[in-house]
Amino acid sequence: MATAVTATHCPYCALQCGMGLTAGTGGGVEVVERAAFPVNKGALCGKGRTAPALLSSRVRLTEPLVRSHATGKLAPATWEEALDRIAAELSRARAEHGADSCGVFGGGGLTNEKAYALGKFARVALGTSQIDYNGRFCMSSAAAAGQRAFGLDRGLPFPLEDIPRTGCVILVGSNLAETMPPALRYLTELRENGGTLIVVDPRRTRTAEQADLHLAPRPGTDLALALGLLHLVVAGGRTDEAFIEERTTGWEEARAAAMAHWPELVERITGVPVPQLRETVRMFCDAKAAMVLTARGPEQQSKGTDTVGAWINLCLATGRAGRPLSGYGCLTGQGNGQGGREHGQKADQLPGYRKLTDPAARAHVAEVWGVDPDTLPGPGRSAYELLDALGGDIRTLLLMGSNPVVSAPRAAHVEERLRSLDFLAVADVVLSETAELADVVLPVTQWAEETGTVTNLEGRVLLRRRAVSAPDGVRSDLEVLHGLAARLGHGKKFPTDPREVFEELRRASAGGAADYSGISYERLREGEGEGVFWPCPRGDVEAGGEEAGGEVAVHPGTPRLFLDRFATEDGRARFVPVVHRPAAEEPDAEYPVLLTTGRVLAQYQSGAQTRRVDELNSAAPGPFVEVHPRLAARLGIAEGEAVAVVSRRGRAVAPARVTSSIRPDTVFMPFHWAGEGRANSLTHPALDPVSRMPEFKVCAVRLEPAEPMTMNGDRVLNTDGDRGRARAGARPGPSGQG
């Protein structure tokens with residue numbers, strides 16, 4: 001008899017690779033290949049392959065923890081005690097300080113159903129405007145630039161399968177060989193098909209090693225680089241005048257801005273030689289079709305929206321947008337980074353990617369929710385601004401699926417703001433560094449223990465299916481929100497069945513930019529579960545109307561956007577004139593070196609989950625600092641020696657890796673670890689004026705000798721000390737949670 005296999009998806013990055021789960025030996029769960037799923041065709045990275053390790057009660061939370069008023073320590077409690085405590089504290093804050101004293105912080109890994117319910121909970125049950133999520137730290141600049149240029153933000157406006165069929169790809173600030181390894185095959189196939197790959201990255205990464213041409217600009221200068229390329233396109237007569245005339249507006253202003261960035265100036269700013277600039281333009285323009293794909297490198301800057309806009313301008317000027325096998329796309333990072341911002345947990349948005357300031361959008365969503373539109377609060381603070389306000393205007397915080405103690409910029413300051421709260425509640429799978437600080441910690445279900453939808457980087461809506469039962473004592477986030485809403489007088493508005501929540505989401509998104517109304521669980525289960533691309537409206541009623549028994553025509557979904565028109569009022573794409581400006585913090589005599597940050601293959605985001613998987617920790621056990629040999633020699637730094645990296649905001653210590661793959665004026669640190677190796681202790685919170693994205697990717701630092709680190713730079717988890725006070729000793733917490 002064949003063993004049953006549940007078709008589902010990886011819990012990590014935005015590829016949302018297909019996988020199968022089946023019962024393993026000893027009662028565990030094993031991952032099996034799901035070759036029919038088109039995104040990864042069975043391939044998985046080490047993180048996906050080892051994901052079932054997170055299901056073990058050895059590494060995850062299995063009962064609520066409540067901090068004792070008497071001892072200040074976290075201790076096991078019942079669900080009723082935990083939810084009563086949270087509801088009472090939220091109610092007290094609202095009564096004493098107003099609704100906006102309650103903050104809500106979500107995550108880009110939450111399913112569409114949970115993100116939708118969390119946004120609704122904030123605005124209906126709490127009446128607060130103070131909600132945002134960690135996806136603001138992911139691709140918000142690309143989203144803002146896409147909205148400005150195209151009238152719509154979807155990570156990729158075409159499926160991944162189009163990439164090998166184009167002629168040239170410029171990949172800007174992405175190391176997908178390590179961040180999403182199964183996607184590397186698309187670039188390999190591109191080159192096998194005769195196409196060319198240009199990688200823009202200050203490091204010679206594993207991805208850059210695959211390129212036909214690698215450009216290594218100084219961190220923070222991607223905007224100047226894109227403008228310099230557009231200058232050369234214009235000077236060389238390589239613009240597509242017919243496309244510009246027929247399908248765009250604003251070209252003259254954008255052209256004039258670009259022409260102020262002549263090649264020699266751009267070389268001085270970026271460090272990229274003029275011959276490489278010219279070769280890039282030749283390769284990009286000689287190809288019959290071409291794409292520009294960006295990731296966090298150009299986006300996580302205080303000018304990230306303009307930077308992405310400059311790359312979009314390059315595509316528009318050369319007619320490489322709104323045509324088959326061409327266009328601009330963003331490689332979304334988090335597992336549901338796309339869907340997570342479409343349905344209401346972002347500070348300024350309502351479900352369906354509707355604007356919270358649009359009266360028609362408010363009326364539509366309020367009708368679905370059964371509330372008066374006038375009761376819906378307006379836009380709130382962006383993610384970092386919300387975290388910065390903790391302990392001031394915001395007295396209490398409900399946090400789901402995020403670990404800002406490690407992931408936020410200026411992390412030591414954010415940690416201090418979290419400590420200053422009157423009350424903090426965290427719902428998570430594991431006892432993260434942020435959960436350590438909480439007054440109440442709620443253990444919630446994770447990917448394989450729940451059903452729900454996610455939307456991958458292509459805009460492909462997928463159904464993750466429950467494969468195993470959660471341990472006793474664990475509840476879903478939807479059950480948490482229902483329990484809290486019931487205590488606040490709104491329980492009937494918050495169902496716990498994910499399918500019921502999705503049906504409501506369909507109605508709320510209908511007619512919006514991200515229209516899911518034509519997508520159902522039944523449809524997502526069909527065939528091989530390949531998913532449906534949004535927008536997917538419900539379709540037209542045929543044969544006399546639905547009430548007369550007519551059938552609704554099924555919309556096929558939209559794999560490829562903008563081929564006929566862009567999503568603007570007049571159907572034309574918008575050029576936006578932009579000019580280069582320096583980073584918020586440039587090197588000086590006191591802090592003479594640039595720091596940039598990123599990910600490594602075996603860890604993910606804040607590491608709260610992957611640092612609990614033995615195999616992944618063996619591959620990447622702790623933080624490090626990449627230093628060029630010339631800089632290392634000048635400072636007397638040896639391979640493996642502990643180095644302190646110091647910025648105006650903090651200090652981090654990690655062993656040196658001396659390598660010629662980094663620029664001599666730049667050092668690199670991965671950001672997955674807490675404690676003294678926490679890279680985000682250093683990073684700058686300067687915000688992009690449009691997207692409110694912090695400047696993770698560039699700041700000024702200096703390097704100093706340091707004492708050797710202990711415990712791989714990872715802080716000991718606190719489970720029984722005073723709030724936030726780490727203790728020496730073993731890692732497990734109450735009842736064995738780790």
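Fair warning: this is a prediction, and the values are worked out from it, not measured in the lab.
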Salt bridge R692-D132, side-chain N to carboxylate O under 4.0 Å: no
When you compare the side chains of Q605 and S407, does any donor N or O come within less than 3.5 Å of an acceptor on the partner? no
Please find the pair of heavy atoms, one from S402 and one from N134, that lie closest to each other, and give the distance. OG-ND2, 3.2 Å
Keeping N336 on the side-chain end and V454 on the backbone end, is there a donor-acceptor pair under 3.5 Å? no
Begin with the C-alpha distance, continue with both residues' side-chain angles, and end with the deciding distance and a verdict on side chain to side chain contact (heavy atoms under 4.5 Å, CB included) for L126 and L398. CA-CA 11 Å; L126 294 178; L398 172 64; 5.6 Å; no
N/O donor-acceptor pair under 3.5 Å between R67 side chain and A438 backbone: yes
Exercise: identify the closest heavy-atom pair between G337 and R341: O-NH1, 2.6 Å
Evaluate the ring planes of F494 and F121, with Trp represented by its six-membered ring, and classify them as parallel (under 30°), tilted (30 to 60°) or perpendicular (over 60°). perpendicular
At their closest point, which heavy atom of Q334 faces which heavy atom of A14, and how far apart are they? O-CB, 3.2 Å
Is the backbone N or O of F566 less than 3.5 Å from a side-chain atom of R572, with the two atoms forming a donor-acceptor pair by type? no
Under 4.0 Å between a side-chain nitrogen and a carboxylate oxygen: does that hold for R410 and E416? no
Residue that, paired with Q16, satisfies side chain to side chain donor-acceptor pair (under 3.5 Å) out of R464, Q338, H9: R464
In W534, Y116, Y516, the residue satisfying ring-ring contact (aromatic ring centres under 6.0 Å, His included) with H343 is Y516
Ion pair present between R506 and E503, side-chain N to carboxylate O less than 4.0 angstrom? yes
Check the side chains of R466 and S469 for a donor-acceptor pair under 3.5 angstrom, ignoring hydrogens and angles. yes
Distance only, no hydrogens: is a donor on one side chain within 3.5 Å (strictly under) of an acceptor on the other, for T453 and E113? yes
How are the rings of F105 and F137 set relative to one another: parallel (under 30°), tilted (30 to 60°) or perpendicular (over 60°)? tilted
Would V429 and W447 count as a side chain to side chain contact (heavy atoms under 4.5 Å, CB included) if you check the C-alpha gap in whole Å, the side-chain angles of each, and the deciding distance to 0.1 Å? CA-CA 10 Å; V429 173; W447 62 291; over 6 Å; no
Of R395, E96, Q130, R92, which meets side chain to side chain contact (heavy atoms under 4.5 Å, CB included) against S101? R395
Minimum heavy-atom distance P159-R560, with the two atoms named: CG-NH2, 3.5 Å
In this structure, which one of E80, E449, E450 forms a salt bridge (charged side-chain N to carboxylate O under 4.0 Å, His left out) with R475? E80
Please assess L442 against L83 for the test side chain to side chain contact (heavy atoms under 4.5 Å, CB included), listing each intermediate value before the final yes or no. CA-CA 9 Å; L442 301 177; L83 293 174; 4.2 Å; yes
Would you call R148-D306 a salt bridge at under 4.0 Å N-O? yes
Which pair of non-hydrogen atoms, one from D477 and one from A427, has the smallest distance, and what is that distance? OD1-CB, 4.1 Å
Is the closest side-chain donor-acceptor distance between T434 and N403 under 3.5 Å? yes
